[in-house]
Structure formats: structure tokens, C-alpha cells
Q: 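Would you mind keeping the following structure in view while I ask a few things?
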Protein chains: 2
Amino acid sequence: MHTITIEDIAEALGISKTTVSRALSGKGRISEATKEKVRKYAAEHDYQPNVMARGLAQRRTYNIAVVTPDDNETTALAFFHRCLVGIISGTEEHGYDVLITAERGNRVNELERIVRNGKADGVILARTFIDDKRIGYLTENNIPCVVIGSSQVEGVVSIDNDNVGGSREMTERLIKRGVKKPALFGGSSEHFVTAQRLEGFDSALRENGLEIDEDLLFMDMHDKKVLEDAIATALAAGADCLLCMDDDIAERTLKICKAKDVLIPGQVSVASFYDSPVLEQTAPAISAVRYDGQSLGRKAAETLIKMIDGVGVSDIPMEGFEIRLRESTR
Amino acid sequence: MHTITIEDIAEALGISKTTVSRALSGKGRISEATKEKVRKYAAEHDYQPNVMARGLAQRRTYNIAVVTPDDNETTALAFFHRCLVGIISGTEEHGYDVLITAERGNRVNELERIVRNGKADGVILARTFIDDKRIGYLTENNIPCVVIGSSQVEGVVSIDNDNVGGSREMTERLIKRGVKKPALFGGSSEHFVTAQRLEGFDSALRENGLEIDEDLLFMDMHDKKVLEDAIATALAAGADCLLCMDDDIAERTLKICKAKDVLIPGQVSVASFYDSPVLEQTAPAISAVRYDGQSLGRKAAETLIKMIDGVGVSDIPMEGFEIRLRESTR
DNA sequence: ATGAAAGCGCTAACAG
DNA sequence: CTGTTAGCGCTTTCAT
């Protein structure tokens, strides 16, 4: 049951290990004839290279490490898991595997162990902290690294959803359908993504000749009471559309409106800049911008592997989105 | 920036590589004195063994592989992600790391690559198929393997939630609070877990001197219409409690009841045998049995590592649960 | 109790 | 174009 080695092939074919190695890797000059011969034999005998040996020899693990949030919030977790699936497929296609570790606050410990042990050639960070120690550690030690989501740090490669574009397009589509006075309910104003969504909203208004009304902008809608008040204010001011920056805010907005017997979409439209499966299940279903975690992850993996292979990565386009219009807007 | 090796230690201390290796691993006869000396030096100089080299020498990777479902259902995904976090912590504590790959149907390909490449010493399967090819492959090749969830296959170690116990206790608690005529709405009757939940329900009724009423048992409640009819039937028959086998059924049940102006818990109680964060957010919040994915994962990891280390694992107790009584039951 | 030497399977100069 | 020769860092006989 011993699996076949490069040496077995060499013996069987009466050539040297080196030649076999070259034939298989395609590096160095080698005749087509022997290359074919070797590859054929390898394929027939189902040769599998021993990654440990290769790793030891060329100081490469052919693993990338992914740091997952040990979060507990269901939709965030699920989104990250979809990213993960994308990362895995992107990685495996290039002959790499994925080593996973969990975030334990803004610490470098796990990462350090993995990297120092030589268990991974690069790292994907699923989420970053303000003043992230891990990023510091990785850049100092010259370890290739890609961040998912917007990174505030200069010089760090990040793969992100097109939050500006998505928010702009959703806003624009609603304006085209007759919205004149949209109100915006945002999440934490410390988050980068909040600023991006605001920017998209803002530019859609401008481009469509609408004034931005500061009185209809509400940020940090974490608390239930705060959101209720904001909605009341917006409706009193004659808002005809409630734009929510994420699915959570959107769902709560819907509940509040229902409780107040505000008709949706009859009286006002409701839409979200961030989709999640719950929004399809509400009554009425809420229109939202949908991002695809899986392709985000896949692109992160591909970019990282390019970096590991020493291929320069120039600017990375944002990941796309899809506008899903549902019953909450007309 | 070169990290220190076993040879460096040997040279510095004027002893041989072998001795250092023995001092560090604790294998073989060695004097306390030199052992201490070596360990002290290693610690001071922050020695990190090169896992590749060790792996190559002793045909061990110190990795375990986890196969994740590439599912898309949000709460299932989130639950699995919590398991994953548990797996990671259980694994890292024992000096192992986690390699992750995604399921692509009932195939062995990815697994085979990982195992044949010698990238992992054992496998955790997050979900199994009827007639699972991966299990066949793993057992045939003598690769240690642990399954999360109930495994139908004889001889395969599985780590599972105590579905019977949880369902029984929830049912019993409700009976103690006055329920006399509970109806049960189940998921797919082909799933093992459905049978387990039914068993728990059944035994709670028996133990509390209640007759089981076949007319109040409804399985395969996938379709909306089917569930509506079932609920109508149950209510007409005088059911005073609607027990749902999972969070999805429970949420839909709640909606249907609201639409029919059935008061909860005034007229009937509603509870679920499987909790998820959405159940806390419904109005009224739904009582449910809560399982802890993280400790499930941790136990799976620990069990697998024992198997890898050749420690026999005898019978594994089920993972516990917690009954969360909320507003939907009185 | 310690050391010398021979691998584990592969890659990478350096010759030819 | 191909082979020879050293390693990569660690473990493991087998001597001493």
C-alpha cells in the first residue's frame, strides 16, 4: 500500500530522480519525449508527490492560512462560511490547501505558530481590527497576506465588495422608480463600510439631481428606541423610502413599520444595502443589494497565491453585486 | 531571521542532534540534567520545531482535515461554523492544526488528495451521506475518522447532540407546565435526527402517563401548504401545544398562527426541538432546545486526536443541551 | 546516557 | 538535455 515515489519512477524508467522531478514540475530543459514518458508512467501508476518532502526541500508548504472570526452572529458567520467555501475552491485549484485558525481577539499567537512552524505560505484575514497586530506581524515578516473587506492600512491588499457601487445603484434604481425623498439608516459610523454606503447613496442622489437632506440621514442605529425615533422623524418629514444599510436594520425597520401600521410599499418603500436570506422571508420581502461571498473568497485566494508565487498584483477590481428588487419597493 | 534548528542547539550546547531531539521529545533514556539544559536553551531561544521535517521523518503531519458542507442554508452554516471554531481550539491545544476542504457531493476526490499527499493524519466529517463513499475510503485505508452528527454506519465513531434527551426534556417540561395534548410537526422522515426527536417526544409522553395520539403527529412539513393544513387539523383536534422539530418549522408555524389570529401562548404554546438565534427574535420569542456547536466540535477534535495517537476511544457520551423557555410557552 | 549515521522524498546547484 | 551530489530539519536504529 506504499504510495509510489519519484525514485520508483526513476528506477522503473531507468533514468535519474532529477529528470523525473523536472519532467513533473516542468522546470529546466528536458526533452518532450522523456517528459511524456515520465508523465504517462506517473499518471498510470497514480503517482502523488509527497508534499512534506517537497515542502522541506523548497521551504514551501503549499498551504495558505485563513483566520476566521470566532464571532457568534449568525448571518455574519454564514457569510464568512460562504467566503470560506470560495477560498477553498480557489485554493485547491492551484494545488494549495487551506489551513484554518480562529481569531482570538487582536492577537498574533495562532498566526505566529502557524507561520513559524512553516505550516503556511500566506494568510487571508477575514476581518481586521483597527490597528491590527496581525497585519503588523505579517508585513514585518514579509508574509504574503490578503484581507477580506476594506483594509484601512496602506499597502495591504484587500478584496472587497463594491459597497459604494451597490448602494449607488440601489438608490438610483429606486429614484428611477419614483422615489423623491429617501431617508437613510446606517450602522456604526466607525465602520469603514458605513462610509462607503453613504458615499454610494450620496452620489446617486447628486447624479440624479436630488438634494441630499441631512435631516434624513441617521447613523448608529443600534438601539431599538433610537431606530424607532429616527423612523418617526423621517416619516414625519415626508420620506417616501427608507434605505437601510444592512439586513439587520432593514428587518427591524420593517417590524417597526408594521407595528405602526405603516403600509409597505404603499406608503413608503424599504430597501437594504446588504442582503441576507432573512430578507426574502419577511412579509413583504425586502429589496436588497446582494453580494456573493463565495466569489469574494475565491478571488482572495487567487490573489494571495499570485502574491506567494511572486506575481505582482496590481489593482484588484471590486467584487460585483446584484440588485434584488422584491415586494418592499414598487 | 532564520529560525533556530535542532542542530543549532546541539552545537551551542556541545552535544549531538540526537540528544537534543530526545530531550525535546522525551523519548528514550536521557539524563534529567541534559534534558533540562536543552529545554531551557530551547525555551530561551524560542525554538520552534520544523513541522515539515518532523512530518517527513515520522510520517505524521500533525494536521487533521475537516470536510465542510458547501451548503447554503444560513442557520446550518452558522451552526457548522461554530463547530469549526470548537474543532480548531480542540485541535490546536494538542499541537495539531486544521486543514479544511469542502464537500462536493458524495465524492472522495478532495479527501483522497489530502490524505494521499500526506497532508493530514485524520478526518472529521461534518455530515454524512447515506452510503457515504468517503467513510468507505477512510475505513478501507485505515485513516482515523470522526463523524459529527449521527452516523448510521457501524464502527464509525460519531459525536452527536443528545437529540433524544433534548426533545424528551422539552416535552416533559411542557407537560409539567400543564400541556395535555401536544401536536408534533417534524422534518424529513428520512433523516435520522427526525427519528431521534420523535423518540424523545414519545418517551416523555409515556413517562408522564399520556397517550401518544397518532393523529397529532405530522412529518415532512416542508411545504407551506402542508404545514398549514397540519396546524389546522391539530388545532381542530384540540391540541394545546405545537412542538416543532426545528427552528425553521417553528418560525413558519408562528407565522401561520399569527395569520390565523391564534394567540400564543394564550391559546396554544409553541416550542422547537432545535434552537437558533432567529427564535429569540420572533414575537413572541419561541422556546427551544439549545445545543452548543462549539463544544461538539471540540469534542470531535479531541476524540480524533486520541484515535490518531492510538488511544482507544470507548463510548462517547452525547453532547448536552439546554432548555430555553421563552414567551411562546407559559 | 549519548553519539554517528542513515534515512524520510524531494529539489537545486553544478557538472557533464 | 540528463545525471551527480548535496542538502532541507528531524527521527531512529545501532553502536559505544
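Treat the numbers as computed from the prediction; the structure is a model and nothing was measured. A, B, ... follow the sequence lines: proteins, then strands. Residue 1 opens every chain.
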Q: Considering only nitrogen or oxygen atoms on both sides, find all protein atoms under 3.5 Å from nucleotides 10-13 of chain D and state each distance.
A:
residue : atom : partner  : partner atom : Å
dC10(D) : OP1  : Tyr47(B) : OH           : 2.5
dC10(D) : OP1  : Asn50(B) : N            : 3.3
dC10(D) : OP2  : Ile6(B)  : N            : 2.6
dC10(D) : N4   : Lys17(B) : NZ           : 2.7
dT11(D) : OP2  : Ser21(B) : OG           : 2.8
dT12(D) : O4   : Thr18(B) : OG1          : 3.3

Q: Quick one: list whatever passes side chain to side chain contact (heavy atoms under 4.5 Å, CB included) with Arg22(A), sequence neighbours left out.
A: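 Arg22(A): side chain to side chain contact (heavy atoms under 4.5 Å, CB included) contacts with Thr18(A), Ile30(A).
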
Q: When the distance from CE of Met52(B) to C1' of dC8(D) is rounded to whole Å, what number comes out?
A: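 One finds 12 Å between C1' of dC8(D) and CE of Met52(B), rounded.
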
Q: Asp8(A) CG to dC8(C) P: how many Å, rounded?
A: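 From Asp8(A) CG to dC8(C) P: 11 Å.
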
Q: Please report the distance, rounded to the nearest Å, between CG in Leu24(A) and C1' in dT11(C).
A: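 Leu24(A) atom CG is separated from dT11(C) atom C1' by 12 Å.
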
Q: Check Glu302(B) with Lys299(B), please: is the shortest side-chain N to carboxylate O separation under 4.0 Å?
A: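 The answer is no: the pair does not qualify as a salt bridge.
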
Q: In chain order, what residues pass the salt bridge (charged side-chain N to carboxylate O under 4.0 Å, His left out) check against Asp162(B), with sequence neighbours excluded?
A: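 Partners of Asp162(B) under the salt bridge (charged side-chain N to carboxylate O under 4.0 Å, His left out) test: none.
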
Q: Check the distance between dT2(C)'s C1' and Glu32(B)'s CD and give it to me in whole angstrom.
A: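 Nearest whole value for this atom pair: 15 Å.
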
Q: Rounded to the Å, how far apart are Ile15(B) CD1 and dA4(C) C1'?
A: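 Between C1' of dA4(C) and CD1 of Ile15(B): 15 Å.
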
Q: Within less than 4.0 Å of OP1 or OP2 of dT2(C), is there a side-chain N or O belonging to Thr19(B)?
A: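 Negative; the distance criterion is not met.
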
Q: Could you pull out all residues at least two apart from Glu103(B) that satisfy salt bridge (charged side-chain N to carboxylate O under 4.0 Å, His left out)?
A: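 For Glu103(B), the residues satisfying salt bridge (charged side-chain N to carboxylate O under 4.0 Å, His left out) (neighbours in sequence not counted) are Arg127(B), Arg134(B).
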
Q: If you compare every side-chain N and O of Thr34(A) against the phosphate oxygens of dC1(D) (OP1, OP2), does one of them come in below 4.0 Å?
A: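 For dC1(D), neither OP1 nor OP2 has a side-chain N or O of Thr34(A) closer than 4.0 Å.
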
Q: Could you pull out all residues at least two apart from Glu44(A) that satisfy salt bridge (charged side-chain N to carboxylate O under 4.0 Å, His left out)?
A: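 If we apply the salt bridge (charged side-chain N to carboxylate O under 4.0 Å, His left out) test to Glu44(A), skipping adjacent residues, the hits are Lys40(A).
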
Q: Could you list all the ring pair (Phe, Tyr, Trp, His ring centres under 6.0 Å) pairs where at least one residue sits in residues 8-42 of chain A, not counting sequence neighbours?
A: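 Of all non-adjacent pairs touching residues 8-42 of chain A, those that pass ring pair (Phe, Tyr, Trp, His ring centres under 6.0 Å) are Tyr41(A)-His45(A).
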
Q: Calculate the interatomic distance between Arg29(B) atom CZ and dT16(D) atom P; express it in whole Å.
A: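 Going from CZ in Arg29(B) over to P in dT16(D) covers 16 Å.
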
Q: Ile9(A) has an atom CD1; how far is it from atom C1' of dG9(C), in whole Å?
A: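 It is 12 Å, rounded to the nearest whole Å.
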
Q: Bend across the helix from dA1(C)-dT16(D) to dG16(C)-dC1(D), to 10°, with axes taken over 5 pairs at each end?
A: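 For the helix from dA1(C)-dT16(D) to dG16(C)-dC1(D), the axes at opposite ends meet at about 40°.
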
Q: Taking all non-hydrogen atoms of both residues into account, name the closest pair between Thr91(B) and Ala301(B) and its distance.
A: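 For Thr91(B) versus Ala301(B), the nearest heavy atoms are OG1-CB, 3.5 Å.
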
Q: Side chain to side chain donor-acceptor pair (under 3.5 Å) with Gln48(B): which residues, sequence neighbours excluded?
A: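 Gln48(B) satisfies side chain to side chain donor-acceptor pair (under 3.5 Å) with Asn117(A) once adjacent residues are dropped.
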
Q: Please enumerate all residues that pass side chain to side chain contact (heavy atoms under 4.5 Å, CB included) together with Gln58(B), with sequence neighbours excluded.
A: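 Listed in chain order: Lys27(B), Arg54(B), Arg60(B), Tyr62(B).
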
Q: Can you tell me how far P of dC8(C) sits from CG of Leu56(A), to the nearest Å?
A: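 It works out to 13 Å between those atoms.
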
